[in-house]
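All values reported here derive from a predicted model rather than from experimental measurement.
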Amino acid sequence: MIEFNDVSKIYPNGVIALEHINLKIDDGEFVFVVGASGAGKSTLMRLLLREEKVTGGTLRVGDYDLGTMPNYKIPYYRRQLGMVFQDFRLFEKKTIYENVAFAMRVIGEPSSVIKRRVPTILSIVGLVDKYKSFPTELSGGEQQRVALARALANNPRIIIADEPTANIDPKLKMEIMNLLVKINTKGKTVIVVTHEKNIVDQFQKRVVTIQEGHLVDDRVGGMFHEDV
Amino acid sequence: MKMYSIPYFFGQTFKGLWRNKLMALASVIVLFSCLVLMGSFVLLLYNVNVNIDSVVQLNEIVVIVDYKATDEEVQEISDSISKLGNIAEVTFISKEEGLESERSRYEEYSYLFNELTEDNPLPDVFTIRYKDNSEVPNLIYQLKQIPGVSKVNNRIDIANDIENIKNGISFVFIWFLAILFVVSIFVIINTIKLGVEMRNKEISAMRYIGATNFFITTPFVIEGAVIGLIASILAFIAERYLYEFVYSAIHENYSIITVIPFSQVSLVLGIAFLCVGVLAGVVGCRISLRRYMKI
Ligand SMILES: Nc1ncnc2c1ncn2[C@@H]1O[C@H](COP(=O)(O)OP(=O)(O)OP(=O)(O)O)[C@@H](O)[C@H]1O
Ligand SMILES: [Mg+2]
């Protein structure tokens, strides 16, 4: 469960990126976050990642209160999140297999577990036969699937995707979205930030609209908010 | 820490050193030079000290008795001396004992001393060890007042000079060392900084997947330690050859100078090199990580 309670975020330079945000996301939900450029969507995700700290209100994720959580706990907290970015952020010098394996290595999984799990995860995203390739040898869509595989590696409870389809060929966008939905049906909470109206409209999921730092609309089965 | 991480850490360390080999080499060379200079200075100072101490008994006053003094007069002088303060020990060396000790010192020429036994030119002598340095001028004045004392020799001036020189050298030396140490740390900071910057994207991606600071920084810390380790081992070997070379040169040409054999200092020197080297590596690395990684 994710709970924003009257959250605001003011950056050190004085920009008020978010104000009075109240938002509750239950386990296993699928949520689109939409809004114009500069509305504060990425800031919302950065708060969830605890890359930035709330400057007002409280933000709880599961048992963690992100406002008071000490720094040394951050890595452990992040292990229950899987992050996907628009620019993929893969390890370029590692193969696809190693990219996924490394995520497990980082949290200290033994090699026996890694060897067993990596093929399973690569098969979920449909990339088993590319396991020896390097990220630069793959298309954008494939790279994003690797990023998704890596995000899934440690069996997180929440997947956060900040514009996951922004750098992907239009024909392949649906593939990524379908994967995210598939992951969601397996019980994981999925939060997707996006600009793309047709995607939002097609899936008929919960849509949260941010406008100039305020949450202006939140409805299930919603469409892309035409006014923003 | 999980055990399975250990091979990863060392693998990363050597990859990092290899990727960054020029800077790593520069760090090793600078740290190496720094250690060899430090070691040479310390050994030099140590040997100088040992030699000074063996050549002169510095805290000693020699009271020379008038050549014509009778045994009674000598006894009176002895009584007067023992009444003075600030005296730790008085030794009386008679003319005859003095001659004997000279004779045994120059054994090869002992026949020369045979004639002297008849007509001993040496005076009776009291050697005095004092307690307090600062009271020495007063003591000398009092000794000179004793009737029958012809001369009072002391080495307080030399002792002070030597002390001053030693302090001066140590002072310059310590500053020099401090500068060298700072320079080595600076070079290591830059080496690690370069490594961190090269891997910046990788590091931020690692953070998102929940890597702890420990996991991220350990390869760099080991990198610093390995640089220190290599530099200290090389420095030890170089110091050894340098020392043996100087040792044999001095031994052949100036046999009066005592030189401590390397084996006597090698253990301490080795440990000191290792500690300073690895410390410089790790400290440099820590500073670098603190600055460039916000840990
Ligand atoms: N690190 C930062 N320091 C200061 N201001 C920032 C920072 N990051 C974002 N901002 C500002 O906060 C506001 C919200 O930015 P944010 O990145 O959250 O927008 P966004 O909704 O993700 O936009 P986009 O759709 O273009 O990605 C913007 O005005 C932005 O300039
Ligand atoms: Mg954004």
Side-chain angles (χ1 to χ4, degrees), chain A residues 45-46 48-52 64 70-85 87-94 98-115 121 135 143 146-162, chain B residues 1-24 191-223 226 282 285-295:
Chain A
M45 299 304 114
R46 272 185 232 128
L48 273 178
L49 264 179
R50 185 49 185 81
E51 210 183 328
E52 294 287 347
Y64 293 89
N71 283 352
Y72 75 88
K73 280 192 180 164
I74 296 174
Y76 304 98
Y77 161 71
R78 285 187 182 154
R79 290 174 190 182
Q80 50 175 324
L81 309 178
M83 268 314 289
V84 176
F85 299 93
D87 55 355
F88 321 133
R89 303 195 193 178
L90 298 173
F91 300 110
E92 274 158 27
K93 290 194 180 116
K94 295 187 196 300
E98 287 164 350
N99 261 278
V100 180
F102 188 66
M104 297 185 186
R105 175 131 291 143
V106 158
I107 69 162
E109 290 285 10
S111 299
S112 56
V113 174
I114 296 175
K115 281 198 191 104
I121 292 169
Q143 288 189 53
V146 177
L148 202 52
R150 192 181 65 184
L152 290 170
N154 293 316
N155 198 19
R157 292 166 50 193
I158 304 165
I159 297 286
I160 297 172
D162 194 349
Chain B
M1 182 177 66
K2 302 269 170 54
M3 290 306 279
Y4 352 103
S5 300
I6 292 172
Y8 163 77
F9 286 148
F10 280 95
Q12 279 313 106
T13 298
F14 290 105
K15 261 188 217 160
L17 286 171
W18 183 247
R19 229 178 331 204
N20 207 348
K21 45 190 170 303
L22 267 177
M23 278 306 282
T191 307
I192 301 293
K193 177 193 153 186
L194 225 82
V196 170
E197 280 175 357
M198 273 175 164
R199 296 185 55 199
N200 215 349
K201 272 171 85 182
E202 197 179 330
I203 288 169
S204 74
M206 280 166 81
R207 289 194 186 289
Y208 288 122
I209 53 182
T212 55
N213 277 330
F214 177 83
F215 190 87
I216 294 170
T217 58
T218 300
F220 292 108
V221 177
I222 303 177
E223 220 170 284
V226 167
V282 172
C285 178
R286 280 272 153 219
I287 294 173
S288 195
L289 291 172
R290 221 162 245 294
R291 251 199 239 160
Y292 300 103
M293 281 179 60
K294 296 182 274 175
I295 57 167

| query | How far apart are the C-alpha atoms of A/Glu92 and B/Lys201, what are their side-chain angles, what is the distance that settles it, and do they pass the side chain to side chain contact (heavy atoms under 4.5 Å, CB included) test? | reply | CA-CA 9 Å; A/Glu92 274 158 27; B/Lys201 272 171 85 182; 3.5 Å; yes

| request: Could you tell me whether B/Phe214 and A/Tyr72 have their ring centroids closer than 6.0 angstrom? | output: no

| field | Side chain / backbone / both / neither for B/Phe215 at chain A, heavy atoms under 4.5 Å | value | side chain

| request: Against chain B, label A/Gln80 side chain, backbone, both or neither, depending on which of its atoms sit under 4.5 Å from a heavy atom there. | output: neither

| request: Go through A/Met83, A/Lys94, A/Arg89 and name the one with the most non-hydrogen pairs under 4.5 angstrom from chain B. | output: A/Arg89

| field | Lys/Arg-Asp/Glu bridge criterion (N-O < 4.0 Å) met for B/Glu202, A/Lys93 | value | no

| query | Below 4.5 Å, heavy atoms only, C-beta onward: do B/Met206 and A/Phe102 meet side chain to side chain? | reply | yes

| field | Separation of A/Asn71 CG from B/Asn213 CG (nearest 0.5 Å) | value | 8.5 Å

| message | When you compare the side chain of B/Ile209 with that of A/Arg78, does any pair of heavy atoms fall below 4.5 Å? | response | no

